[in-house]
Colleague: 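Below is a structure I'd like to ask you about.
Given the structure is predicted, the values throughout are model-derived calculations rather than measurements.
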Amino acid sequence: MKNYICYLNGVSSSGKSSVAKFLLQKIAEPTIYLSLDGFHSNLCTAYSGDNWPLYYEELKALHRTAQVWREQGFNVIIDSVMAEERLWD
């Protein structure tokens with residue numbers, strides 16, 4: 001079976017995390033959950049504030065990380081807000 005990336009895209013508090021947690025309980029194959037909020041909260045304090053000065057860099061890193069997990073044989077569920085299609089490069 002080919003591994004997949006499931007992208008849950010939506011505004012804050014729209015239920016993406018809840019859907020991801022539900023899916024993780026139902027999927028039998030190795031699957032990892034990645035969230036943009038999780039990436040952001042792990043940045044050093046100077047860059048992890050409310051204004052998200054590195055938004056585009058964080059989003060690109062999230063996408064690259066998802067691709068690496070997929071290449072390693074995992075399904076990936078991403079929880080994010082992607083306002084522009086060009087960011088998936």
Side-chain angles (χ1 to χ4, degrees):
M1 184 174 134
K2 187 174 181 179
N3 298 66
Y4 59 84
I5 295 176
C6 174
Y7 203 105
L8 303 175
N9 183 37
V11 297
S12 180
S13 300
S14 62
K16 300 180 302 289
S17 299
S18 297
V19 170
K21 289 173 186 173
F22 174 81
L23 292 173
L24 287 171
Q25 292 175 350
K26 302 297 179 183
I27 298 170
E29 300 87 21
T31 304
I32 188 160
Y33 166 65
L34 302 173
S35 74
L36 186 59
D37 286 342
F39 268 51
H40 186 71
S41 68
N42 287 309
L43 282 174
C44 63
T45 305
Y47 294 97
S48 62
D50 291 338
N51 62 353
W52 292 61
L54 299 175
Y55 170 76
Y56 292 106
E57 292 82 355
E58 291 177 61
L59 194 58
K60 287 179 184 180
L62 176 71
H63 294 166
R64 289 183 183 142
T65 301
Q67 290 170 346
V68 169
W69 278 104
R70 184 174 180 230
E71 290 166 4
Q72 295 302 312
F74 287 77
N75 297 316
V76 182
I77 299 173
I78 297 177
D79 168 352
S80 181
V81 176
M82 185 173 71
E84 302 175 39
E85 285 185 33
R86 69 178 175 87
L87 294 173
W88 188 255
D89 297 335

Colleague: May I ask whether Y7 and V68 are part of the same hydrophobic cluster, defined by side-chain heavy atoms of I, L, V, M, F, W, Y residues being less than 4.5 angstrom apart, directly or through others?
Modeller: no
Colleague: Between OG of S80 and CG of L8, what distance do you get to the nearest 0.5 Å?
Modeller: 9.5 Å
Colleague: Can you list the residues that meet the side chain to side chain contact (heavy atoms under 4.5 Å, CB included) rule with P30, with sequence neighbours excluded?
Modeller: F74
Colleague: Measure the NZ-OG distance between K16 and S35 for me, rounded to the nearest 0.5 Å.
Modeller: 9.5 Å
Colleague: Please list, chain by chain and in numerical order, all residues satisfying side chain to side chain contact (heavy atoms under 4.5 Å, CB included) with L24, sequence neighbours excluded.
Modeller: T31, Y33, I77
Colleague: With rounding to the nearest 0.5 Å, note down the distance linking CD1 in I78 to CG in L62.
Modeller: 5.0 Å
Colleague: How long is the gap from OG1 on T65 to CZ on R70, to the nearest 0.5 Å?
Modeller: 15.0 Å
Colleague: L59, F39: one ILVMFWY side-chain cluster at the under-4.5 Å cut-off?
Modeller: yes
Colleague: Are any of the side-chain heavy atoms of I5 and W69 separated by less than 4.5 Å?
Modeller: no
Colleague: Can you tell me how far apart SG (C6) and CG (N9) are? Round to the nearest 0.5 Å.
Modeller: 11.0 Å
Colleague: Nearest 0.5 Å please: distance from the CG atom of L43 over to the CD atom of E57.
Modeller: 10.0 Å
Colleague: When you group the ILVMFWY residues by side-chain heavy-atom contacts below 4.5 Å and let the links chain together, are I27 and V19 in the same group?
Modeller: yes
